[in-house]
Structure formats: C-alpha cells, structure tokens
Amino acid sequence: MASKFWAADGSSDSESDASSGSSSGYSSDGQRGNNDNRLAYVFSDSDSSDDEGRVVKSGKERALESFQTHGKNLRKHMKDSDYWEIQQEFDLLMKTMIKAKQYLAEGVPRPLVKILVDLEDYVTEKLKDKAAFKKLSARQGRALNRMKLTLKKHNKAYEVVIQAYRQNPMVSDDEEADDDSSKSSGSSSSSSSSSSSSSSSSSSDSSAKKGSDKDSDSDSDDESDDSDVDWDADSSSSSSSDDEAEGGLSQLKGRALWLKKTVSTKKKENKVKSDKPKASQDLKKAARLAAEALTATKSVIPAEGLTPSILDRKVKELAAQRGRRGKDNRQLLRELEALSRLSLKFGPRVEVPILMYVISAQFGLQRTMEDFMDTLTWKACAGYLQRIADVVDEGYTLSNEAVDESDLFLSSGGHTKMKAAANAADGAMAAVAADEKLVNPHTGESETQDERAERLRLEKEKAMTAEEKKVIPVVGSLALHLSRLEEEYTKSLQRTSHHSQEYIARLRDESKLVELLARFQSYFEQQNMPSEAAALAQLRVEHLYYRHDSIAREVDKAALFNERFGDVAMLHPSCHVVEEAFTGPHDFSKIHPGAVQGKPSIQSESETDFAGLISDLCKYVYKHGTDQAKMRAVICHVYHHAIHDRFLDARDLLLMSHLQDKIHDCGDTSTMIMFNRMMVNIGMCAFRLGRIYDAHQCLADICSVRVRELLAQGVTMGRFNEKSAEQEKAEKRRQVPYHQHINLDLLEACHLISAMLLEVPNMAGEASNRRGRVISRTFRKYHDQYNHQVFTGPPEQTRDFVMCAAKHLMKGEWQTCAELVSNLDVWQLVPGEDAAKKIGKMLTEKVKLEGLRTYLFAFSTQYDSMSLAQLCAMFEMTKNEVHSVVSKMMINRELYASWDQPTETIVLQRVEPTALQVMALQFAEKAGVLMETNERLLDAQTGGHGFKDDHWKNGDGDDRWQGRGGNQRGHQRGGRGGRGGGNQRGRGGGGFQRGKDRNQGRRTGGGRGGGRGGDKNRDRRN
Amino acid sequence: MTAHSTESTAEQWDLTAQVSPYLDRHLIFPLLEYIIENLDYSKDDVAAARLELLRPTHMVDYAAECHKALHGDAPAEMKQQKEQVYQQLETLKNGCEPLLKLCQDENGKKKLVESGKWNVAGLTQLPETTSEMIQTYLALARFHFDCGDYKSSRDMLTHYISWHASPPATSAEDEEEDLVLAGVQQSKHQQQAQNNPDLGNPSMYYLKKVDKDMLQVLWGKLACEILVEDWTAARTALDAVKTAMETLTQMNQISALEALQQRTWLLHWSLFVYWNGPGGLEQLVDLCMTEKYKQAITTNAPHLLRYLTAAVLLCKRRVTSKTVEARRLMKQLVYVLQDCEYTDPIVEFVNCLCVKYDFDAAQVKLQECEKVLRADFFLCQQTAVFMEEARIFVFENYCRIHHKIDLQALGDKLAMAPAEAERWMVDLIRNATDMDACLQDDCVVMNSSRQSIYEQVMERTKDLNVRSATLSQSLNTLWNEARKEKLKREKAVMED
C-alpha cells in the first residue's frame, strides 16, 4: 500500500536529517521527517503506525504518542516563529509530561529531549536578537519571555538527560537516520530486515544492530523458530531502536550509566581463535551441555550446527533486549550464562566477550542505588572475572576498541555495496538491492546470513596474525566491572546484619576480591594502562589499609582455609581433636578415620609484609592515580602507619601531603570520612605511645560532636535536625562496613583520658589566680554533668570511669585514678601483644606525673616549703623525676617556688598583695576583659574572625563533614592573635602543626573563620 | 668515608658520612684531611675514599700523589689523563683567548666599564669576541675549578658574573632582589671597593635576572670562595645563592622539591662559611630558624641540628641582650628538636637541660659533647668556648630554679673543684647584670626574682595599648568601607 511512499520518504528524510544533525542546528526541512521518525521510533512495532486507531495502546504508548504530536506542532510553530502558539503547545506538552511522569521516570525518550533542547536553543537564540524582539507584538514578546522562564524551570528536572544529549547529539541523529530506515523496513514488507540491517550498519554504536546485521536474513528459520518463540516478538530492527531508547533511559539511573557503556561500546565481530571443525561428539557434548544448562529456560539456541557466529549473534540479540519492557533481567542473565557455557568449547576468544556480557547483565540486576547484589550472584560474578583473569594470564589481552567497520565490509566484495548504501544514505532501496545478492563469492552458492557471517569470520581470522589473535575484543571495561564488583561487596556488607553468620562468611570474600584486583592490576600494568591499574591499586589499598597486621594475617589464613577445606563447622569433628597427621600404619580401632589426615591447617607460606605492600601500592597510586585517588591513598597510608604505632611516619606523611589543608575542598564526603577515621587513628596511635598532647589535638575535634556521624559508624538521630529521607539514605550509603569500625568506646576512652591528663592540672592551676584557658570543652562538659549528679553510683560506662578517675586525680588520689583508667576493659581491644599492659603502665606513669602537678597546683598555697623526699614518697616517683617536673613548673612560672639545694626542699614564695595591689590587679584584669569584649564585638561586625565559629553547636545540616583537622583552637588564638607573646602559649592550633604550619596557622587564623563560613554556605548549597 | 662503627664515641658521632652527600667533591677534601688526622679511622680507607673522590676531577697530580701513597706508584692511565687534561685546558684557553686577554688588560677593561660595554651585549659587539666565547670562558672556569685552581676559577667567575650584572650606577636594579639584599649589598659595596679597588666593579651580584644556569654559576662562585677561604666574600656569595634560589622559586622555575634540596645543600655549605670567620654564628642561627630552612633541616638533614644547637648555645648570649630573647631562642630550638628524631650528645644536652631539667644527665652529656666537638671538623675550633658557654647555660638554668646551692654540689655539676667553682662563681656574679646572688658560708644564695605586683600589673596591661590601636584601626577601616558602600549605593540610585 503506502510502502513505496514510506520508503521513499524515509530515505529522503534520513538524508536531510543526517545533514541537519551534522550542522548541529536544526533544519526545518527535516521537521516532518523528524516527527515521523519519532513515530516510527516510538512505536517499536512499525506496522502500527499505519493503523493507529485500531491498536490497543498502553498508557506509555499513549503518552509517547502525545509527545509526538506536541513535538510536531512545536516544530511547526518554531518554523513559523509563532511564539504564542509555541507557548501554548509547550504548556500542553508539559501537562502531558506531568501526566506521563511514571513513564518518564524510567527514562526520557531521546526525541523528547531533542525537542526540549532545540526549544531551549531556539528561545535563547530568538531572545538574543534584541532588534527582532522589539518588533514583536506584545503578545508574542510576552509569550517568548514566558517561554524562556518556564523552559528554564521545566528543563531543570531533565538536566541530566539534556546534558547527556548535548554532549552527544550525533548519536541521536544517527539513530534517527536509523529509525527512518527501520521504518521503511517495516513497511516495505518483503525486504524489511535486510534494509534495516544495511542502514543500521552505518551507525557505529549499537551492538544490538550488529546483531541484527548478521541475522538480516528476513526469513531465516531460526529467527522464527527459537528467538521469536518466547522472546519478545519484535523484529530485530525494532529491538535495536528500542535498545537505543533504553540507552537514553538509562542515563537517568545513576548506576545504569555503566550499563549503557557496556551496551554501546561496541565490538564488531567476534573471532574465535581457532575454529575447530565440528566433530560429531563435540556436537553431542554441546547438545548435552545445552540441555543441562537450559533446563531453566527454553532452548536458547540449537546446539547442532552451532558456530561462534551464531553464538555471537544470539548474545547480541540477548544483550539488545536488556532493559526492555517486559524482559526479566534474571531470565536474560540465565540465558546469557547458558550461552557462556556453550561458548566454552570455542576457546577464550568466543568465551570472554560473552562473559563480559554476562557480567554486565549481572550488574544490571541492581535497579536502584539501594539494591545490592546477592552473595551468590556476586560470587558467580567474581568467578567469571577470575576466569577472565585466567585467560588474561595465558597471554591474551582484551581490547576495547572497535574494529573499523569498513575493513570488515571491504574484505568481502558482496558487502561493499551495502556499506556504500548505508554510508551515503542512498536509501533503503539501494540497500535492498545490495542484499539480494547473498551469495558466496567463492563458490557462487547462495548462503544464509549465518553462514556468511561464519565464513567472513573465518576469513578474517585467517588474515590475522598470531599476535592479533591474542587480542580479544570485548564490550565493557574490566576496570569498571571490577570497581563495580568492589562496590557491590561493600554494599552487601552494609546491608547484611553484622551479627549474622552471613556477615562473617561474607568477609572471607574480601581476600578473593583483593586477589582479583591484584591480578587485574598487574594485567593493566603489563598493558601499560597505569590509570586503570592505579584505580585498582587504590581499591586494593582500601581493602587492606584498615587491618592490623595480626588481624590481616589471621583473616587471610581463614579465607585460605575456607577455600581449601570448606567451612570449619562442616569438617568432621574428629579431625579437630588431633594435631598432626598420622604417619605410621593406620590403626582404625584407635584412630577415627576422619582424623588420619590430622587437623587441617594452612601453612603460612611467607608472612606477607603488609606495610611494604601498602606502601608499594600507595606509591603506585601517587604516581599514576587521579587527585582524588591520591588523596585517598595518602589517607590509607597514614591510617596504616597509625594503627601500627608508627606515629612519626604517619605524622610526617600527613604534614607533607598537606592533607589537612586540602581535605576541606575535596568535596567528597566519603573521603572526608576516611580523613576523620585517619585522624582518629593517629590520635589513638599517639595515645598508645604516650604522646598525650598530640593525641588530644587529633581527637578533640572529631570526638567532641557526633562521632558516629563523622566516622560513618551508625546513624544518630539528632534532636534538632530533621534529616530528609534523601539525606538519611545518603548517610546510610556511606556507612563504613562493620568490620572496619573503630571502636567508639576505645576512642572515647583515649579522648577523655588524654583530655583528663591535660585538663585536670589545668583546672587546678586555674584556681590559683592564673587566667584559665579551656583545653577540652568536652571534658569540662562531662565533668560538670558528673558533678551535678545528685547520687553518683559506681561507674559503668567508660565515660563514667574516666570521670570518676578525674575526680580522684583532682583530690590527689592518683593510685585510685590510675587503677580506674588502666584497668578499663577497652584496652583489651588494642591489637598487639601485651598492648593492654603497656597502656596501663604508660597511663600509670602519666597519671602519677599529672597527679603531682595537680597536687602542686592545688595545694602548694597551703605550704611554705615541701620536701623532695616526701613528694617522691607520695607519688612513688624517683627524685630525678620529681625534680624534673617541679623544675619545669618553676621555669614555666606555673609554680612560684625555688629549690633549696642543700636541704632538697621546695621553698614557696608567696607575697600577699595589699588591698590596693589586689585592686590594681583586678583593674588590670577588667581592662583586659573590656578590651577583649570590644574586639569580639568588632569581630562580629566584620565577621573576620573565628568567634562565630560556634555554629556547630546548633548542628545544622551536613556541614560537619569537613575533616575539621583540628582548627577549633587555632581559631580562638587566631581571633586574638597578634597579641604580644602569643607564641609562649603552647604550640599551634591544629592537630600538629610543625614548622610552617604553626606560624601559618597563627597568621591566617583570623581569616579562617571567614573561610569556614564559606564552607558552610557551600555545604548548604550542596 | 663511611664511618666504621667503633666503640669510641668520637667516631660514632662523626657526621662526615651524613654531611658529604650534600657537599661538592672539592669541599669534602678538607673534611677528609681532618678525619685522617683526628679520627681513629683506618688511614688507608680514608685515603682510598679520597682517591675515589679525586677520580672524576681533573686534579691529576694530587690524585697521583694519593695513589702513590696508597699503592706505591701512580698508574699509567693517570699520566694519560694528565695529558688529556692539559690538552683540554689548551683547547678551552684557545677558545676564549681574546676574553682572557681582555680580562687581564686592566685598561681595556676600565674603558669598557666606563663606556657601559662591560656586559654580554657589549662584549659580543667587540670584533674579537663572540657569544660562544663567553660560554667557553665559563667552561674554562669550571675546568679550572676541577683542576683545583680555585683562585683563577673564582676570578673568572667574578668576571662572568659581572658581565651579566648591571651595576647600580647605570641601571635600575632588580627591585625585589634589591629589597632582600639591600642591607647586605651596601656593606658589600664598601667591602669590595676596598678589597679590589683595581676591579672597580662592586656590582658583581647585581644580576639583572637569574636562571638555572646562573644559579649554577653562583654555586660555583660560592664553592670557589669557600675553597679559597675568603670568608667575607664567601658570605656574600652565599647570600647571592640564597637570593637567587628564592627568586627562582618564586618564579616557579624550580620545583618545591628541588628548592628543598637546594636549601639543604646551602645549609651544608654555609657550615663552612659561618663556622669560620667572625659573626657567622648569628647568621647561621638566623638562616636555620627561617621557616623554609627549618623545614629543610627537619625533613632532609636532621644531623644539622647539631650545628644549629651548638650555634645557638654559642651565640645566644652575644646576640640577645635580654634574657627573654635568649629564652625564646632556646624555646624555638627545643621545638625544632622535638620535631625530629635525631640524637647526639649536644642535642641531648639541650634536651636534658631544657626539657627534662635533669642536670645530672646534662652533666654526663656535656662531657660527651667535648669529645664530639673535638672530632668535628666544623666545631673543633670552638670547643673551649662551647664548653664555657654550656657551663654558664647549665648554671643559669640551675640558678633560675634554685634558691640556695651548695658550692660543692655546684662544683660537681660544673665539673670543677669547689675552689675553682667558687672563683668562677664570683666572676660570674660580678659580671652578670641580672643575677642577684651572693655567697654565704659555702652556699650560693639567690635572691628571689618573684615578679612584684607592680610588674604583674604592667605585664597585664602592656599589650592593651597595641590592641586598642589595632582595634581603632580596624574600626576605622570598617567605617570607611561602610561609607564607601553607602556612597556607591547613593551613586547607583542617582544614576537610576
């Protein structure tokens, strides 16, 4: 009927469209064509375009259709420059879009995006032309203006898609060209699929089309036999176009982005390395295999006469169906897996590409960010990747490049025309003509499409050198697959309850994952792809850095054990009893047969040097990684140093990398969390080593507020802030898996004890006329709380213990204090031999020392002189120690006293000021306070200084994700900075600031507050 | 050259191995000489090391001599090498013959200087000289240096530098360089005028611009000056290198890492300069306490802390008239020390005294120090002074926290006989201004230096003045800004 007309129309369209596409403007000639395209495009079943009325349409179809009409009208009006009409039409379109929201959520059809983009461009262009604009009638002008506003608002929702479209408009144009011909194929009934194949070959991005390319024999039996039986009954051309639509859709889903790549990164032809002649037993085997494999599904493919090409075509067909409506992803995956099993016999050249499809199909099972891959699938996926790694180890390389299409076709004379037809867009007719000659140029016999494909493949293979044969072209990127795998692993850990056995079992997979990453890392290194290798190295580091060596060894051993012998619970109980294998004759009356082999054990071959490994990996990342990866690598490196008590290394690395300055701008919450974890660990490391001051500096910031949130170890419900569901979800996503958690009790103990050791003498000193300076607000807060309790029971929590200890320390009862803090349960959690004991010892020493200081501060006023021996006895310290402590206090003017050397006593000097002097002192003090108040006032006005820094008290939103590398104190002193002698007051503000940092901190302290404010704003914006 | 670890502390604390990687080959020779004489190393080993060092240089005669001493006779290849060296020298000399002549011809030079042609452009205009010749000239200078003829090398470099410089009288100097160098340059100006009146060219460091090559030249110059042992000139050269380096870093011509490396080098070279010649110590302390150089010490060369510590101890009383400043200096030093994990008797000594207040341990360390000092190439000359200063330092600290000290104990602390200690004490009390002490029946009694209330009040209100000034100033700016803003707004309104 109208077939001729359609065909002709289509061909002319494709031409004009191609030109319009290339000139990137929009051409009015193509207008009608465009609309028709859309028609053909949307109704995958092209026949229905002829008789719309009769077909029962789904809601989606209806929506799409109405988009079409609106789009069509819009284009018409755009051509006429009738703004008012455009506006009316656009309003209608908007309404429809709102109605069709549910379908749009799945994805925005590309044509719709195109019209939106065009419209936007059109409007801006028109608005630019001021002169023309002035000439417009009032109504038109107003309409144009309003269009601009509404468009802007409206398009915001589709920003992502539009962006993607703008970046890659050509694809869509290609598509449209495609659609034209596919439409024509639909209507020119006899040669439909062949023409479609010819034209689709011109586009270079749809693998699905490649599939259709090869099965373009329209009356090929297997198409009707098997593929159409239980799969979607659409013709291949429609599947291709629909797949493209899916490509568009998928851009909406964050994760699906990856998938899109896998689909559209195309490969041309899969070549089997060596084509074995199909011996009959092979066939039987294949048949059996297939039968076994496909019990779940219906026969995907006939096992007889199976060639790599057929397999290949099938795979592509399947891949093309991915994400289609009504297509179950699981089903698809099963089918693909079956195919992969079939492909085993054709060697890695066939197998690997199919495996890649399988893997991406596996990842395709997760629809949303919340979904995670179940363990079985994950393991299977890891298994496939392992298999690929094996193949790769055999010396194969995977290439992601597309073979130039023209080469393929030029190699066989019969296809040159097809290519010409497609490329020059001569129209479907020419293509049809080309297709008629489907004969073997060698034998002159006619052949089916499959046969031809196979023949071509063989020819091509013959032409390849051995080296080329080692290169397997695949779809998708291995590095991406691996990082996806890693992500899924983390996600599954996040979702699994950490109390369950399942979680523990899952942990074993980590070593598998790490090994996999290592294998591919070395592969990429060999392939000279350092950026991919660095990415994998970084992932590896992230799975290694948090483990203490002792734990790491055990865990790896356990994983190995599990791999070799299975679950411990599943072993025969008798074999646990014995230690070694029996060597002598087996007397089974005495020995249980299960115990003959002895207790299964893993010989630890060589102790892995984890520190070296980490540092090697990190260095690799520093060299080749992205900035983000580098930063993370540094963090991991420092962290690893810190948990192994290499404090100075950790500190130097931290300072040299300027991490503390950079972390605020990194913009990535998970990196900031890592940073926080790292800081906390450095703090604990310093604590273990007895560097109380450093420890407190590192811990104070993070431990003072919302520790859980800052370390991403569980969600706290704040009283004041109501998080939106979105925020909550995001927070859940960035939770650190349980086994990587830092024990919060231990952390609190470290923090509070170090605060106690610093603050208690400070508080005692405050009492004796010196102006106080708060070292730890947190400690003071808890201290006040503890004091205000009406009844104080025996301590239960760690915090209570510390508070109780502090109380005793203040009274000078250092023994009780030392006992309380050094016998805390949490010290058992510190890895390393005798760690708890060591910490206890260190704490006792520190408590003694601070006890002495506190005592002197608090009670020295009551004495005229004190004897050294007495002090030594009181605090069980040697004379030297006491002498050193007291001397230091004297020098620092904390204690107004001096030694009387012959008698070894401390002579305290105290002058009671007269009333006038007291008043003078008070006056001076008041003047100072006044000054300070004035300064604060002015600071508040200018906002230059850090006094408003207290914003964290009213806890707002998300802005505490900044690493807060310890500048709170830096602020205070920054604010007051510049006053004489500021440098006498202890060192630096932040964590540790050596050399350069120290001064800089002071200098820039003033400006910091402002900077922080800025941070806050930025965070809000985010 | 590597230290064979022996029991003797002198060798154990020998720093030659750590220092030498940062020195020029030629600078190491004096160190080795010193080691041979003063330390208990196997002489042959040191000689072998020296020979190894000599090999790449052109000092064939010296090498042959060493070889002879070590192995009995000089090998033939050395003779061959000697011939080659002479040949090369000849070619180089021929390559820049006219320039050499020109440099020797005082009159011609003077003329050129007066006509403003004493620079690269001017020279290339001359008929007999070309720009290649100037490069050859530089190569020759380098060659002379390699041959050990430091003096001629220095003179040649001086000429070379002067061609690239523009004297202050004729052209506007590079401003930033001028700013940094201003003080130094003026004194330099005079010195040079006195030293080499015949040259009449005090502006040799008035370089218009520096690049990496010029930096090399300056390094060469510094090496020459050090080896010629002209310490004043060396100090100028050192400053020139330092300035050039900072300029280059500012212009981003050398990376941060490179700059760090170069700074470390400079610190090491400066040891030669500052430990010799008067007044060097203060400058050494200043240099080391500069933020960037401190960084270089802590990251690259913690062993330099020994020299820094010694320098601080030695000059602290001289530099600082006030005790407060001396204490601040000490405090700074302690911070630096705490940042590094370097130990050494001298550092330990300070640590004991200023951090642990363990006077007995300090005493032990002080004795060790003496040994170390004697064995150290740079410090050996200052040993006596150091010991004296250290004693005073100990005593000062001791007095600060003591009310009454037994002379006997004091003698022990200072490693002196009681009578000697008493004499020493009396001298000290007499000379000291800020010590209020007296001797009472075998005891030293300090009068308390407790801050009086008056002082306390003064202390507390001391900074109010400054702070109010700052306050009013910032208030002023704030007000001005507000006014400007207002004006702007008004203007905007008017325009509308």
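Just so we're on the same page: letters track the sequence lines, and every chain starts at 1.
Atoms CG and OG, from A/Asn934 and B/Ser468 in turn, are 9.0 Å apart once rounded to the nearest 0.5 Å. Separating the CD atom in A/Glu881 from the CG atom in B/Asp358 is a distance of 10.0 Å, to the nearest 0.5 Å. Here the straight-line distance linking atom CG of B/Asp360 with atom OG of A/Ser884 works out to 11.5 Å at 0.5 Å rounding. Interatomic distance, CD of A/Glu932 versus CG of B/Leu464, reported as 10.5 Å (0.5 Å rounding).
Atom CG of A/Asp864 has 12 or fewer heavy atoms from other residues, nucleotides or ligands within 6.0 Å. The environment of CG in B/Asn476 is crowded: more than 12 heavy-atom neighbours from other residues, nucleotides or ligands sit within 6.0 Å.
Taking both residues in full, the closest heavy atoms of A/His883 and B/Tyr357 are given as ND1-O, 3.8 Å, listed atom of the first, atom of the second, then distance. B/His402 and A/Ser898 get closest at one heavy-atom pair: C-CB, 3.8 Å.
Inter-residue side-chain proximity for A/Met931 and B/Leu471 is flagged as met; some heavy-atom pair is nearer than 4.5 Å.
Options B/Asp406, B/Thr477, B/Leu475 differ in how many heavy-atom pairs under 4.5 Å they form with chain A, and the most are formed by B/Asp406. Heavy-atom pairs under 4.5 Å with chain A peak, among B/Ile401, B/Val355, B/Thr470, at B/Ile401. For the options B/Lys404, B/Lys356, B/Lys292, heavy-atom pairs under 4.5 Å to chain A are most numerous at B/Lys404.
Between the side chain of B/Thr461 and the backbone N or O of A/Ala924, no donor-acceptor pair lies under 3.5 Å.
Scanning for ring-ring contact (aromatic ring centres under 6.0 Å, His included) contacts around A/His637 gives A/His641, with sequence neighbours left out.
Only the side chain of A/Leu648 comes within contact range of chain B, with heavy atoms under 4.5 Å apart.
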